[in-house]
2 protein chains.
Amino acid sequence: MITSFAGESRHFLDEKSRLSIPAKFRRWLSGDDAEYTFVVTKGSDPCLVAYPYTEWDIRAENLLKLDHFKKKNRAFVRAWSRNSIRLKCDKQGRVLIPQFLLEFAGIKKEVVIIGVLNYLEIWDPDTLDQHAESKIPLDDDYFEDLSNIL
Amino acid sequence: MITSFAGESRHFLDEKSRLSIPAKFRRWLSGDDAEYTFVVTKGSDPCLVAYPYTEWDIRAENLLKLDHFKKKNRAFVRAWSRNSIRLKCDKQGRVLIPQFLLEFAGIKKEVVIIGVLNYLEIWDPDTLDQHAESKIPLDDDYFEDLSNIL
DNA sequence: GAATTTTCCCCACCTCTACCCACAATTATA
DNA sequence: TATAATTGTGGGTAGAGGTGGGGAAAATTC
């Protein structure tokens with residue numbers, strides 16, 4: 001069994017741009033570790049993604065194996081790494097998300113946090129609505145592929 | 001778990017050409033060691049690279065294994081070694097980077113410091129933009145290869 | 001050996017972070 | 001249902017971090 005997130009919740013950035021991580025997610029993110037450390041980065045969709053630190057670390061270890069004499073690899077690792085921010089909740093369970101990440105996701109005040117299996121997604125509500133509206137067509141072929149794994 | 005750098009931050013050289021190493025990177029660079037010693041050298045890209053001393057040492061050990069009867073190897077090791085400068089932060093967490101290294105990276109006043117897993121990169125912002133813009137094409141084939149390790 | 005330059009320690013200042021406390025709202029428990 | 005515990009949010013404040021600059025010590029040059 002994997003540690004998995006589920007559900008969503010709605011929050012607000014406070015005056016100081018701090019974001020409360022919902023308590024249930026917070027515990028999942030950090031495991032039993034009381035440090036509440038995790039990694040936030042840009043998602044493939046216009047949202048932010050938060051990994052438990054252990055998840056991120058596995059990826060980092062793998063990227064270390066890439067041949068750094070190849071320019072492509074250096075470029076990829078650089079891009080991947082510079083957007084990944086290691087965050088720690090304060091004693092109230094809040095984190096300060098860097099401005100450039102908030103801007104990337106178009107987050108102003110209101111925020112939707114979605115648990116997606118082994119990571120969290122952090123969305124601006126409007127962006128999320130639009131994104132969901134532009135319904136990606138899930139056709140028969142797609143479900144046929146899915147049926148192999150579900 | 002590895003000590004790994006992530007994220008980036010922006011700094012300025014002060015009047016005396018001193019560069020503040022961001023506190024979070026500083027701690028990672030030097031491990032538990034309070035001496036804040038690390039090694040800076042020319043990167044493979046037009047930037048400077050800073051290794052924790054232990055990381056640099058591993059590389060040095062590996063280079064020792066090269067066959068020194070081969071001219072190419074001697075030339076490479078010589079170039080690599082003469083550009084590697086051991087630096088120590090002052091009590092304010094700043095280092096004085098030699099002029100020839102600043103020139104190599106085209107650094108004038110503003111600086112971007114990027115954490116890349118097991119080392120730091122130090123860039124001139126404009127150079128970095130151009131370098132990122134000249135997007136090394138990361139095509140589908142590339143990501144297909146990547147998916148094996150991520 | 002004197003003069004100049006370079007390096008590095010120290011102090012000062014301001015900003016930003018993260019701790020602390022507070023409290024309302026919600027959820028859990030008796 | 002009443003009470004207690006947890007959670008989300010607000011805001012004050014101490015301290016850490018980044019930057020600037022004076023001046024002593026060390027190194028270099030003349």
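Chain naming here is simple, since letters A, B, ... match the order of the sequence lines and numbering starts at 1 in each.
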Legend entry - Derivation and outcome, side-chain contact (heavy atoms from CB on, under 4.5 Å), residues A:L63 and A:L66: CA-CA 5 Å; A:L63 288 177; A:L66 287 177; 3.8 Å; yes

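Inter-residue side-chain proximity for A:E55 and A:N118 is flagged as met; some heavy-atom pair is nearer than 4.5 Å. Looking at heavy atoms from C-beta onward, A:D45 lies in side-chain contact with A:H131 at the 4.5 angstrom threshold.
When each of C:dA18, D:dT7, D:dT9 is scored by its nearest atom to the side-chain atoms of A:A23, the top-ranked nucleotide is D:dT7. When distances run from any side-chain atom of B:L96 to the nucleotides C:dC10, D:dG12, C:dT7, the shortest one goes to C:dT7. Out of D:dG8, C:dC20, D:dG17, the shortest distance to the side chain of B:R27 is found at D:dG17. Distances were taken from every side-chain heavy atom of B:S20 (C-beta onward) to each of C:dC20, C:dC19, D:dG18; the shortest belongs to D:dG18. Of the candidates D:dG11, C:dC19, C:dC9, the closest approach to any side-chain atom of A:K91 belongs to C:dC19.
Rounded to a whole Å, the CG atom of A:D14 is 12 Å from the P atom of C:dT17. The separation between B:D90 atom CG and D:dG17 atom C1' is 13 Å, rounded to whole Å. Atom CD of A:Q99 and atom P of C:dC16 are 11 Å apart (whole Å). Taking atom NZ of residue A:K16 and atom C1' of nucleotide D:dG10, one finds them 8 Å apart after rounding to whole Å. When rounded to the nearest whole Å, the span between NZ of A:K88 and P of D:dA16 equals 14 Å. The CH2 atom of B:W28 sits 13 Å away from the P atom of D:dG17 (whole-angstrom rounding). Counting to the nearest Å, the P atom of D:dG20 and the CG atom of B:L19 are 12 Å from each other. For B:R18 and C:dT7, the CZ to C1' distance is 10 Å, given to the nearest whole Å.
Here the rule is ring-ring contact (aromatic ring centres under 6.0 Å, His included) with B:W56, and of B:Y51, B:W80, B:F38 only B:W80 fits it.
B:L101 and B:F25 fall within the same hydrophobic cluster, defined by Ile, Leu, Val, Met, Phe, Trp and Tyr side-chain heavy atoms under 4.5 Å apart, directly or through other members.
Under 3.5 Å, the side chain of B:R94 and the base of D:dG17 form no donor-acceptor pair of N or O atoms. Between the side chain of B:Q92 and the base of C:dC10, at least one donor-acceptor pair of N or O atoms lies under 3.5 Å.
A:R26 has a side-chain polar atom (N or O) that falls below the 4.0 Å cut-off from OP1 or OP2 of D:dG8.
Map B:K109 and A:H11 each onto its nearest nucleotide of DNA chain D; the residue landing nearer the 5' end is A:H11.
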